[in-house]
Amino acid sequence: MRLSSNIPPYLLLLSVSQHKFPRKRTYLMCSPKHFDVTYAINPWMNPGAEVDSELAVRQWDGLRQTLVDLGHTVHVLTPEPDLPDMVYAANGAFVVDGTAYGARFKHRQRVAEAAAHQAFYESEGWRFVAPGEINEGEGDFAYLPEAYGGLILAGYGFRTEPAAHAEAQEALGRPVVSLRLVDPHFYHLDTALTVLDDRTVSYFPGAFSRSAQRVLAQLFPDAVLADETDAFAFGLNLVSDGRHVVLNSEATGMAAKVEAAGYIPVPVDLAELRKGGGSVKCCVAELRR
Ligand SMILES: CN(C)C(=N)NCCC[C@H](N)C(=O)O
């Protein structure tokens, strides 16, 4: 930056402090090679709907390439034929400070996915904690490394059991704040709340119980608030590196909100995978060393 003598130093400091800095991330994804909608376990799934799995793979690859082009490392899990929801890799574990707390899926159709994730973490040398309680990994857990010294937010009400929140706190040694989800369209925390940078969240209040809304307002007075339209467009189901916000291209309102908050929206088309009830974030697990 060229310093101009006409700009008062306090204004320069202000512009630097508002600049968002990206952090290089490591992610895990799984190709939708076997993606299909053959059962309905959330309100978005319609087993009668036609699914173009080749289009799903192309769109998914666009997301993978976008993350690589932003400078991030993306590991890829091998998809398995009878696990059509395996593309939603965020649900397989929750990783903080080098420890992977494994998933235990609620619905029988997804139960076998957990073993594939466990095998990945163990073969890559991560500390793996096997779960006793039902939980759907990063679908229902979010981490803010710089909020309150490192804070985990956890959703319950549809998939993950509250007992898993205590189990995650034991496994990961970070405080866990439990938040009750109340709208079945937003059955995982990551459809209703997202982490924009190490201390900032964005969320749709209407997806949470009144008490959970009060908790979020108390903890995050500076949150970027999303509305129902943003949430229904899967606008909160995004992946941010602290500066670039990769989100569903249909979520134009949410893109405008993150831009106004100082981030750079990076839209990707993931329409085919919406038929399974997920978007960008569901497809991407963050591996935190
Ligand atoms: C953002 N969401 C909801 C996710 N993190 N995961 C998507 C899972 C979709 C799958 N058919 C299911 O219902 O489990």
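Keep in mind that what you see is a predicted model, and the values were worked out from it rather than measured. This chain uses plain numbering: 1 for the first residue, then up along the sequence. Whatever order the structure lists them in is the order used to number ligands and atoms, beginning at 1.
For the ligand labelled ligand 1, residue A90 lies outside the 4.0 Å heavy-atom shell. For R110, the closest heavy-atom approach to ligand 1 falls below 4.0 Å. For the pair F105 and ligand 1, no heavy-atom separation below 4.0 Å is found. Within the 4.0 Å heavy-atom cutoff, H107 does not count among the residues contacting ligand 1.
At under 3.5 Å, not a single nitrogen or oxygen of E136, backbone or side chain, sits near a nitrogen or oxygen of ligand 1. Considering backbone and side-chain atoms together, S279 places no N or O closer than 3.5 Å to any N or O of ligand 1. For ligand 1, the polar-atom distance check finds no N/O of N237 at less than 3.5 Å from any of the ligand's N/O atoms. The shortest N or O to N or O distance between H188 and ligand 1 is under 3.5 Å.
Side chain of S240 to main chain of L196: a donor-acceptor pair is present (N/O by atom type, distance under 3.5 Å, no hydrogens or angles). Side-chain N or O atoms of E138 include one that pairs as donor or acceptor with a backbone N or O of E286 at under 3.5 Å.
Looking only at atom types and distance, the side chain of N135 has no donor-acceptor partner in the side chain of T160 under 3.5 Å away. Side-chain atoms of Y203 and Q213 include no donor-acceptor pair closer than 3.5 Å. Side-chain contact annotation: H188 with E136, donor-acceptor N/O pair under 3.5 Å present.
Of all the atoms in ligand 1, the ones that sit under 4.0 Å from a non-hydrogen atom of I41 are 12 (C), 13 (O), 14 (O). Listed by number with element, the atoms of ligand 1 under 4.0 Å from a non-hydrogen atom of D190 are 1 (C), 2 (N), 3 (C), 4 (C), 5 (N). Atoms of ligand 1 found under 4.0 Å from any heavy atom of G276, numbered from 1 in the order shown, are 9 (C), 10 (C), 11 (N). Residue M45 has at least one heavy-atom neighbour below 4.0 Å for each of these atoms of ligand 1: 11 (N).
The single protein non-hydrogen atom nearest to atom 2 (N) of ligand 1 is C282 SG, 2.6 Å, given as residue, atom name and distance. Scanning the protein for heavy atoms near atom 10 (C) of ligand 1, the closest one is D85 OD2, 3.4 Å. Regarding atom 6 (N) of ligand 1, its nearest protein heavy-atom neighbour is N91 OD1, 3.0 Å.
Electrostatic pairing of D197 and R243 does not count as a salt bridge here, judged by no charged N lying under 4.0 Å from a carboxylate O.
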Intermediate values then yes/no, side-chain contact (heavy atoms from CB on, under 4.5 Å), Y121 and V95 = CA-CA 10 Å; Y121 289 105; V95 186; 3.6 Å; yes
Show your reasoning for whether salt bridge (Lys or Arg N to Asp or Glu O under 4.0 Å) applies to R199 and D222.
-> CA-CA 10 Å; R199 59 173 76 83; D222 301 326; over 6 Å; no
Does the side-chain contact (heavy atoms from CB on, under 4.5 Å) test come out yes or no for W126 and R289, once each step is laid out?
-> CA-CA 9 Å; W126 295 79; R289 274 286 172 209; 3.6 Å; yes
Before giving the answer on side-chain hydrogen bond (donor to acceptor under 3.5 Å, both in side chains), spell out for R274 and S279 the whole-Å C-alpha distance, their side-chain angles and the decisive distance to 0.1 Å.
-> CA-CA 6 Å; R274 228 174 67 136; S279 189; over 6 Å; no
Would D61 and Q65 count as a side-chain hydrogen bond (donor to acceptor under 3.5 Å, both in side chains) if you check the C-alpha gap in whole Å, the side-chain angles of each, and the deciding distance to 0.1 Å?
-> CA-CA 6 Å; D61 205 50; Q65 194 58 52; over 6 Å; no
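For Y187, every heavy-atom contact with ligand 1 shorter than 4.0 Å involves the side chain, none the backbone. Residue-level proximity to ligand 1 for K281 is absent, since no heavy atom of it falls below 4.0 angstrom. With a heavy-atom cut-off of 4.0 Å, R159 touches ligand 1 through its side chain alone.
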